[in-house]
Amino acid sequence: MPWKGIRDPYRIWLSEIILQQTRVDQGEKYYLNILKHYPNIQALAKADEAAVFRLWQGLGYYSRCRNLLATAKMIVEEFEGRFPENYQDILKLKGIGPYTAAAISSFAFNLPYAVVDGNVIRVLSRYFGHFQEADTTTGKRFFAELAQECLDPKHAGLYNQAIMDLGATVCKPALPNCPECPFKKTCFAYQQQKIKELPVPKKRAAVIERDLHFVVLENKSHLLIKRRSGRDIWQNLYAFPQRDDDVLMANKLNPSKKQAPDLILEQTLTHRKIKGHFYRIPVTRKPQALIDSDHLWVPISELSHFAFPRLIISFFQKLNYL
DNA sequence: AAGACGGGGAA
DNA sequence: TTCCCAGTCTT
C-alpha cells in the first residue's frame, strides 16, 4: 500500500477517507491519482470541485468527496493549512468519524486511540468470543472499549496497523487462515470452532426497487445533462433531467406516461435496485425555457469532462458516446 | 435506532 | 446471488 508508513497527515487523511467502506485494491489507484493532482492540502483546497468529482467518479459514496473538499478548505482557511493534532479536533472535521479520527491520530501523531473498523470487530469478536452485535449502540461501545484496552498506548500506530493487517490478510471474513495465525492457540473462535458464527452479522435492510425516468434531449452533436442536487442519490454527479423536470415541462418536451422508454438499464446497489428508463427525444436546437446553471447543453465529445454515476456511463457506452 | 449512501470483489 | 468492505451523516 502506497500510504504505508506515511506520517503526512494529509496523505493519511486522504487514504483513510478513500478506504471508508472501500477495498484497498479498489481505492489504491484513486489515491495515487488524486495525490498526483493535489499533492498537498493547499492544492486540494483551491481545486475545482468538478475536477475532483471527476477523479472520484466510480468510487461511490460521493459525500466523501464533498466533505473532503469542505475539510480541505476549512483547514487551509481556519487553521492556516495545518492539520489539527489532537483527536477531539480531528473528530470535528466533516467526513471524519471515530474510525478515521483514531487512524489519523495514531498514524500521524502516534496518539493512543484504537481504531475500530470491520477488521478490528472481526478479530476481537473471534479472539475473545464476544457475540455482541457490532451495529448497535451498546455493541459499538463495547468493541470500542475493548479495542482501547487492547491498544499498546506507546505504539498506537503500529498496533492499529497490525490488527487491521491481521484482519485483512489472516483473520478474513470467509475462509480465514487460522493455521497460520499467530494467535491460534488462544483464539476462542478457533479453539471452540466458532469461526463461522463470529462476528455476529449485521442486520441488513431489504433492497428496494426504484424507477428513475431519464429524458435525453439530443441532436447530432449535443445533449442536455443535469447536475444532481438536493438530498437524493448521486449528489453532485451529472445525469439527465427526469420526467416532469421543470425544464422539460416548460419546453413542452416531457414524455407522456404512456410512452415506452427507448432503453432500460439496471444497477443494483447495496440497498437499492435502480431501474433506469431512458427516453430519447430528438431536438433541433438547445431547449431555451427555464434553463438554469444545473442544466448543461454539452457536446457529446466533451462528456468525459463530467462525472457520471455508473448507470449513466452504461447508457453512454450503449450508444457509443463514450 | 434506523436509514441513506456506491461500487466491486470474493465465495 | 449474498456478503461486506480501513464508515459517516441524517433523520
Side-chain angles (χ1 to χ4, degrees), chain A residues 1-4 6 11-31 53 56-68 70-71 90-107 113-123 133-141 143-144 147 157 159-169 171-176 196 199-208 210 228 230-237 239 266-274 307-314:
Chain A
M1 308 177 204
W3 48 81
K4 205 154 196 170
I6 295 285
R11 297 186 190 201
I12 293 168
W13 169 57
L14 176 61
S15 68
E16 294 299 342
I17 298 297
I18 288 175
L19 291 175
Q20 287 168 4
Q21 294 291 284
T22 304
R23 283 197 178 69
V24 170
D25 295 343
Q26 189 191 356
E28 184 169 332
K29 55 182 180 293
Y30 286 86
Y31 169 79
F53 267 87
W56 199 275
Q57 173 175 278
L59 238 198
Y61 283 136
Y62 297 94
S63 65
R64 292 185 293 177
C65 186
R66 193 175 59 252
N67 289 330
L68 195 75
T71 292
I90 294 171
L91 185 58
K92 289 186 188 128
L93 299 170
K94 283 185 183 172
I96 295 183
Y99 165 77
T100 307
I104 296 172
S105 296
S106 63
F107 296 152
Y113 292 89
V115 293
V116 182
D117 68 343
N119 289 311
V120 174
I121 303 274
R122 192 166 55 251
V123 170
E133 296 180 37
D135 59 344
T136 64
T137 303
T138 52
K140 282 194 186 83
R141 186 164 54 228
F143 283 107
Y159 168 87
N160 281 335
Q161 190 61 247
I163 191 169
M164 287 194 288
D165 278 353
L166 185 71
T169 61
C171 197
K172 297 178 286 187
L175 302 179
K196 303 199 68 152
V200 174
K202 301 179 182 182
K203 297 183 285 289
R204 199 160 296 278
V207 175
I208 297 170
R210 179 174 179 194
R228 295 181 65 83
R231 301 185 188 290
D232 207 355
I233 191 175
W234 298 324
Q235 247 185 75
N236 289 12
L237 272 63
E266 290 186 350
Q267 182 183 7
T268 302
L269 310 176
T270 305
H271 47 289
R272 285 284 182 276
K273 184 169 175 181
I274 308 279
F308 298 100
R310 264 194 86 67
L311 183 74
I312 303 300
I313 292 175
S314 302

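By convention in this document, chain letters (A, B, ...) are assigned in the order of the sequence lines, proteins followed by strands, and residues within each chain are numbered from 1.
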Let me know the distance between OH of Y30(A) and C1' of dG6(B), rounded to the nearest Å.
10 Å

What is the distance, rounded to the nearest whole Å, between atom NZ of K140(A) and atom P of dC9(C)?
13 Å

Select one nucleotide: of dG7(B), dC5(B), dA6(C), the one nearest the side-chain heavy atoms of R310(A).
dG7(B)

At under 4.0 Å between heavy atoms, what does T136(A) touch on the DNA or RNA strands: base, sugar-phosphate, or nothing?
nothing

Whole Å only: how far is the CZ atom of R11(A) from the P atom of dA6(C)?
23 Å

Rounded to whole angstrom, note down the P distance from dC5(B) over to dA6(C).
23 Å

Tell me what I96(A) touches on the nucleic acid: a base, only sugar-phosphate, or nothing, going by heavy atoms under 4.0 Å.
sugar-phosphate

In whole Å, measure the gap between the P atoms of dT8(C) and dG9(B) for me.
23 Å

Consider the side chain of Y62(A), meaning its heavy atoms from C-beta on, and name the nucleotide among dG7(B), dA6(C), dA4(B) that approaches it most closely.
dG7(B)

What is the distance, rounded to the nearest whole Å, between atom NZ of K4(A) and atom C1' of dA6(C)?
11 Å

R66(A) CZ - dA4(B) P separation (whole Å)
17 Å

Short N/O separations, protein against nucleotides 1-5 of chain C, under 3.5 angstrom:
{"residue": "dC4(C)", "atom": "O2", "partner": "R23(A)", "partner atom": "NH2", "Å": "3.4"}
{"residue": "dC5(C)", "atom": "OP1", "partner": "R122(A)", "partner atom": "NH1", "Å": "3.4"}
{"residue": "dC5(C)", "atom": "O2", "partner": "R23(A)", "partner atom": "NH1", "Å": "3.3"}

Of the listed nucleotides dA6(C), dG7(B), dT10(C), the one nearest the side chain of R231(A)
dT10(C)

Do the side chains of D232(A) and R210(A) get close enough for a salt bridge, i.e. N-O under 4.0 angstrom?
yes

With a 4.5 Å cut-off on side-chain heavy atoms, are D117(A) and L19(A) touching?
no

Give Q161(A) one of three labels, base, sugar-phosphate or nothing, depending on what nucleic acid heavy atoms sit under 4.0 Å from its own.
base

Side chains of F53(A) and N236(A): does their closest heavy-atom pair fall under 4.5 Å?
yes

Quick one: are the ring centres of W3(A) and Y31(A) less than 6.0 Å apart?
yes

Side chain to side chain donor-acceptor pair (under 3.5 Å) evaluation trace for Y99(A) with E16(A):
CA-CA 9 Å; Y99(A) 165 77; E16(A) 294 299 342; 2.7 Å; yes

Counting only side-chain heavy atoms from C-beta out, which of dA6(C), dC5(B), dG7(B) sits nearest to I233(A)?
dC5(B)

Taking 4.0 Å as the cut-off, does a side-chain nitrogen or oxygen of W56(A) come that near to OP1 or OP2 on dG7(B)?
no

Under 4.0 Å from OP1 or OP2 of dC5(B): is there any side-chain N or O of R64(A) that close?
no

For the pair made of CD1 in I104(A) and C1' in dA6(C), what is the distance, rounded to whole Å?
12 Å

Per atom distances to the P309(A) side chain, the nearest of dG7(B), dA4(B), dG7(C) is dG7(B)

Reckon Q235(A) touches a base, only the sugar-phosphate, or nothing at all at heavy-atom distances under 4.0 Å?
nothing

Between C1' on dG6(B) and CD on Q57(A), what's the gap in Å once rounded to a whole number?
12 Å

Heavy atoms of other groups near R310(A) CZ, more than 12 under 6.0 Å:
no

Which residue lies more 5' along DNA chain C, comparing D117(A) with N67(A) via nearest heavy atoms
D117(A)

Taking every heavy atom of S106(A) against every heavy atom of N160(A), the minimum-distance pair comes out as OG-ND2, 2.9 Å

For W13(A) and dA6(C), give me the distance from atom CH2 to atom C1', rounded to whole Å.
17 Å

Please work out if G58(A) contacts a base, only the sugar-phosphate, or nothing of the nucleic acid, heavy-atom cut-off 4.0 Å.
sugar-phosphate

Please report the shortest heavy-atom distance between L59(A) and R64(A), naming the atom on each side.
O-NH2, 3.4 Å

